[in-house]
Every structure is written in structure tokens, then in C-alpha cells.
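This report refers to the structure that appears directly beneath it.
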There are 2 protein chains.
Amino acid sequence: MTNNFHMGTNYLLKVITGKWKVSIICALGLRDYRYLELLKYENDVNHTKISKKVLTEQLNQLEEDGIITKKSYGTIPPKVVYSLTTIGQELAKKLTNLNFLGEKLAQVNQANISFDINAQQVKNLHKEEQD
Amino acid sequence: MTNNFHMGTNYLLKVITGKWKVSIICALGLRDYRYLELLKYENDVNHTKISKKVLTEQLNQLEEDGIITKKSYGTIPPKVVYSLTTIGQELAKKLTNLNFLGEKLAQVNQANISFDINAQQVKNLHKEEQD
DNA sequence: CCGAATCCTAAGCGATACTG
DNA sequence: CAGTATCGCTTAGGATTCGG
């Protein structure tokens, strides 16, 4: 065992660092998404704005890093579907698995677990959506 | 189950995002460290320069986020020892657990898993150290 | 020995407008 | 529909210097 036992973790962290990447990976863990679908989903779930430029950037990086793949149907208007690679699916599971610890930590810290509004507000939003 | 099942993960990611945080957490997973010890360790293991300012910043943030604690002996010259909290230890385990997936991904991508030199060079370095 | 204060650069992110 | 191109703001990180 070397001192570099965390290099893989660091590499992985580098791959998933980016404001929306974890959210994207978790989303694609549930089902495939088209481009604008994903844009809407992210804006929706996180209650904050993601620009098309940034979404494109992060998708390209995730593809380059072997986490996701895109399939372009050559149609007009275009249709592009994003999905996880095999290793991407593994990653999605692990990330979801980290969720519990993250929530526990947030609770201990009494931290704001949402992007820009607090958990209670999120709950209220969901209540409103149900009404 | 809401759509926010990854918010804990995102929160956790926010806590551990920072160029040296994972490395710090993993280091403290092995044993406690003093300030300059940690500085030397990081520069040593990662073969790149971390400034005192950044180390202090990241340590403060990790402390604020409930991952580590510091103990100051009131001596002159000062002595300060950093260690993991209980939840920090849990985190260290999970991160170490991610290491395998990260290494696998790096291999698939034929990526440079070190900070600034490649894996083969790291191996050579270790060989030299043994000589 | 353990930082804090200052300055600087590079990168990340967002808004907006345009295109095949 | 699925992107590019351009711009400007904000933040992270590093070098250096000073202090208790």
C-alpha cells in the first residue's frame, strides 16, 4: 500500500467536480434524457438557473471522462439522448449511496441542503406543486 | 421519495470540493497531523505545491463543516493537532471506498491519476525511495 | 510553529445572442 | 432542438510577506 491510496478518489472527484455534474449523473441514473429535457430537469429540481453553455460543457466533460454517452439521431429537428456508461452506472450507485451520509452531515450542521433555498422551502414548494 | 435524492450527495460534494480536501481527509484517516506536518505531507505525496494560505483555508472549512477538529496546546511555539470527527471518519472510509472505482476509471481513460506526473513516474519515484 | 493579510491570475459560471 | 460564440462577473488557488 502506497501513500497514494486516495489518488483514485481524487481523480474521481476531479471528474465529478462541476456545479451540475452530480445532479446530471443522478438524473441519468433514473432514466435517459434528451438535452432540453435535462436542462429543464436541472432548473426544475435545483430551483436555480443552469445556462445551456454550462450544461453543454459539463455534458461534454462527462462524456470525455467516460461517464456518459450521447446518441444523436440524425433527424431535423435534432434529437440527442444522453445515458450513463457502465462505469457511469456504477458511479451513480455509489453517489446515491453517499446521499445518506451527506444528509446526516447536513442535519448535524443544520446546513442548507438545497442549492439556494432551505429544505423547508423545498418542502413547501413540493406541497404547492401537489395542490 | 422526492426528486432531491441527490441533495445529500451534492451537499457532501460541496463540503469535500477543494483541491486538497480529499487528500487531507484521507491523510487524517490514517493518523492525526500537526499543521506543518500536514503541509509537508501534502506537498510530498502529491508532488506539487500547496501554499499555507490554501491549507489553512481548507482546514478551516473542513472544521466548519464538521469533518475535522483542531486541538491547540497553548504552548509557545504553538502546537496544533488536526483530527477527524466521528462523521469525518465515516467519510474517510467512504472516500477510500471510492478509490477503487476512481482507479478503474482512470485506467479506462488512460488518464493521469497523479496531480502533475503520471502513474509510472510515481512508481519509479517509489522505487527510488526504497533504494 | 501556526497562521493572517495582501496581491494576482486562471478558471468556473451565467446571460445573451446567434446558427444548422 | 441542440447546440456555439462572446462577454463579463465571481471565485479558487498560489506567491509572498508579516505577526504573535
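Because only heavy atoms are used, hydrogens play no part in the values below, and waters and symmetry mates are left out as well, while side chains stay in. Keep in mind it's a predicted model, so treat the numbers as computed, not measured. Sequence lines set the chain letters: A, B, ... in the order given, protein chains first and strands last, and positions in each chain run from 1.
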Open item on the list: For a quick test of reading the model: is some side-chain N or O of B/Y33 closer than 4.0 Å to OP1 or OP2 of C/dC1?
Closed with: no

Task: Whole-Å distance separating the CD atom of A/E37 from the P atom of D/dG3 - done: 13 Å

- [ ] Could you grab the distance from atom NZ of A/K49 to atom CG of A/N46, nearest 0.5 Å is fine?
- [x] 12.5 Å

- [ ] Look at the side chain of B/K19 and the base of D/dG13, then say whether one donor and one acceptor between them are separated by less than 3.5 Å.
- [x] no

Open item on the list: Just N and O in the side chain of B/Q58: are any of them under 4.0 Å from OP1 or OP2 of D/dG13?
Closed with: yes

Open item on the list: Please classify the nucleic acid contact of A/Y73 as base, sugar-phosphate, or nothing, using heavy-atom distances under 4.0 Å.
Closed with: nothing

Task: Note: B/E57-B/K53 ion pair, threshold 4.0 Å (strictly below) - done: yes

- [ ] Establish, with yes or no, whether the OP1 or OP2 oxygen of C/dA4 is under 4.0 angstrom from a side-chain nitrogen or oxygen of B/Y35.
- [x] no

- [ ] Measure the distance from CD on A/Q61 to C1' on C/dA11 and round it to the nearest whole Å.
- [x] 11 Å

Open item on the list: Rounded to whole Å, please give me the gap between NZ in A/K79 and C1' in D/dC1.
Closed with: 12 Å

- [ ] Please confirm whether the backbone N or O of B/G66 pairs with a side-chain atom of B/T85, one donor and one acceptor, at under 3.5 Å?
- [x] yes

Open item on the list: In this structure, how many angstroms lie between the P atom of D/dA12 and the CD atom of B/E57, rounded?
Closed with: 8 Å

Open item on the list: With a 3.5 Å cut-off and heavy atoms only, can you find an N or O donor on one side and an acceptor on the other between the side chain of B/K49 and the base of D/dG14?
Closed with: no

Open item on the list: Through direct or indirect side-chain contacts below 4.5 angstrom among Ile, Leu, Val, Met, Phe, Trp and Tyr, which residues connect to A/V81?
Closed with: A/Y73

Open item on the list: For D/dA2 and A/R34 - does any side-chain N or O of the residue sit under 4.0 Å from the phosphate oxygens OP1/OP2?
Closed with: yes

Task: Separation of D/dG13 C1' from B/N43 CG (nearest whole Å) - done: 14 Å

- [ ] Using whole Å, report how far CH2 of A/W20 lies from P of C/dC13.
- [x] 10 Å

Open item on the list: Would the base of C/dG3 count as contacting B/K53 through its side chain, where contact means a donor and an acceptor less than 3.5 Å apart?
Closed with: no

Open item on the list: Using heavy-atom distances to pick each residue's nearest nucleotide on DNA chain C, tell me which of B/K52 and A/V54 is more 5'.
Closed with: B/K52

- [ ] Could you please spell out the steps behind the side chain to side chain contact (heavy atoms under 4.5 Å, CB included) verdict for A/W20 and A/L55?
- [x] CA-CA 8 Å; A/W20 307 91; A/L55 178 61; 5.9 Å; no

Open item on the list: How many whole angstroms separate atom CD1 of B/I50 from atom C1' of C/dC2?
Closed with: 14 Å

Open item on the list: Whole angstroms only, please: what is the CG-P distance between B/N46 and D/dG14?
Closed with: 11 Å

Open item on the list: Let's see if you can work this out: which of C/dC1, D/dG3, D/dC1 has an atom nearest to the side-chain heavy atoms of A/L36?
Closed with: D/dC1

Open item on the list: Taking 4.0 Å as the cut-off, does a side-chain nitrogen or oxygen of A/K70 come that near to OP1 or OP2 on D/dA2?
Closed with: no

